[in-house]
Amino acid sequence: MIKFENISKSFGKLTVFDKLNLEIGESGIVSILGPNASGKTTLIKMLLGMVIPNNGNIIYQNKSILKDWNYRKDISYLPQIAHFPENLRVKELISLVKNIRQQDSDEKELIDIFKLGNSLDKKLGHLSGGTVQKVNLTLCLMFDSPVIVLDEPSNGLDPIALVNLKELISREKEKGKLILLTTHIMSLVEELSERMVFLLEGNVVFDGSNEKLKTMYQATNIEKALANLLENGNVENIKI
Amino acid sequence: MWKILKYSFIDLFRSKWILSYLFFFFIVSEGLIYFNGNLSKSVASLMNIILFLCSLIGIMFGTIYYYNSKEFIQLILAQPLKRSSIFIGHYLGMNLSLVSAFVIGTGLPFLLNGVIFSDFADSFVLLLLIGVFLTSIFSAISYYISLKSENRIAGFGLSIFIWLFFAVIYDGLLMVALLYFEDYPLDKFSLIAIMFNPIDISRILILLKLDISAMMGYSGAVFSKFFGTYLGMSISMLMLMLWSLVPIIFINKSAKSKDF
């Protein structure tokens, strides 16, 4: 469904990707993991057309998305750091995004789940970090898109909101959607995701299921398995 | 594009900055008419204010608005919209609100004082048109600079320098060049040199219209003699249109390849 073909990207002298190849299927939850600055967000932003690769191609539904924009109606995106215009009120922002996308949306349920009712008339600049993240999640999940991209969805969320988020993600998965997830919270990965793609300095060093990772690195949980993977400096050998 | 244009226009027109800009021009125009007691003189006095102020406000606003809207742009970029419509719509929305504030602020006092029924109606319309052009040109230049420069201070500094260059330094350099090469025929050189400065073009346009060539100096006199009034005016108008269009083409080109 989504294919990254020979993708190279550098920012000035810093090379993030050098001929990266990655294929992601039709549905399920795929976690994209890796240490800081390993290229997770860049990969996601390339899929969304926000970062333009120097070389290579990105295919979505058998069509190249480079120079295209209409495919983005199929993707809901949750940015890692929510940057919203500070002078807008929450409800104005929601109607702005609805107006741009012109798709059916179900924001009411999400507003209830995240208890945003009292914040609707507040300006975004006046909200706390956690509340902004809830608004961010509402904007992302209110449309019924076949692909959902979540960049660090648990940022700043309280435990109750986190439980709700997990339920929401599982529900979307049951609808047969493809969910791409990046996070540093390993419990989230362990509970939700079926496939893990581990990036290190722009290379895919592991691509497979949670079970496969745990058996490969003889660990009882993902956190330990990943620690073993990173300690095993010779990552080239385990490239898949 | 229209959605973004509409959003940024409404967003800005509600802001106190644009309203103060409108109010400022209202007070200045009304004040000039009141103290001059004569519409023709008021148009001429307003000219200098417009030449410097529209360009300066345009250049400052373009940078400030782009940097302030970065969050909004990032949000919109992930939506199913074409990049060029996002940026051009955003720029045009900002420009439209600046231009509307200027036209309403300046136009209203003159209209109330009956400029339409006077002999200076066409000069006044030209003056408004020049204000619109200068606002568009300089706001587009600074929007482009901000798009290219991630560093706000550098972007703002460069924008202000560009304004200073066209408003002050350019004429100084031209004068030095004319004095230095005074032994050579400089007619064509000065004509071409003027075309590369939108503030100079605007000045000459309005002076040609008001027919006060004495205020034009050497280059204006050459311009007037060389082109004759109407041809000169059409060419200057055409140049102003080009000046308004070229930065938009650059904005479009740069927006297409930028990473966010």
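Each chain gets a letter, A, B and so on, in the order the sequences are listed, and its residues count up from 1.
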Of the backbone (N, CA, C, O) and the side chain (C-beta and beyond), which part of [X] lies under 4.5 Å from a heavy atom of chain A, both, or neither?
X     : answer
B/I73 : neither
B/K82 : both
B/S15 : neither
B/K70 : neither

_Which one wins on heavy-atom pair count under 4.5 Å against chain B: A/I100, A/L93, A/I75, A/D68?_
A/I100
With a 4.5 Å limit on heavy-atom distance, are the side chains of [X] and [Y] in contact?
X      : Y     : result
B/F72  : A/L96 : yes
A/Q102 : B/K3  : yes
B/Y7   : A/L88 : yes

Taking everything shown except [X] itself, do over 12 heavy atoms lie less than 6.0 Å from its [atom1]?
X      : atom1 : answer
B/Y170 : OH    : yes
A/I160 : CD1   : no
B/F165 : CZ    : yes
A/E201 : CD    : no
A/D112 : CG    : yes
A/K175 : NZ    : yes
B/I153 : CD1   : no

*With a 4.5 Å cut-off on heavy-atom pairs, point out which of B/I4, B/I76, B/L75, B/N68 contacts chain A the most.*
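Of the candidates given, the most pairs with chain A belong to B/L75.
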Below 4.5 Å from any heavy atom of chain B, which atoms of [X] appear? Answer side chain, backbone, both or neither.
X     : value
A/Y77 : side chain
A/V97 : side chain
A/F11 : side chain

*For the side chain of B/R83 and the backbone of A/W69, is there at least one donor-acceptor N/O pair under 3.5 Å apart?*
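No, the answer is negative, given that no donor and acceptor are paired below the 3.5 Å cut-off.
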*What's the shortest heavy-atom distance between A/N70 and B/P80, and which atoms?*
O-CB, 4.3 Å
*Heavy atoms only: give me the nearest B/D259-A/K9 pair and the separation to one decimal.*
OD2-NZ, 2.5 Å
*Of A/R101, A/K73, A/R72, which is the lone residue that meets side-chain hydrogen bond (donor to acceptor under 3.5 Å, both in side chains) with B/Q79?*
A/R101
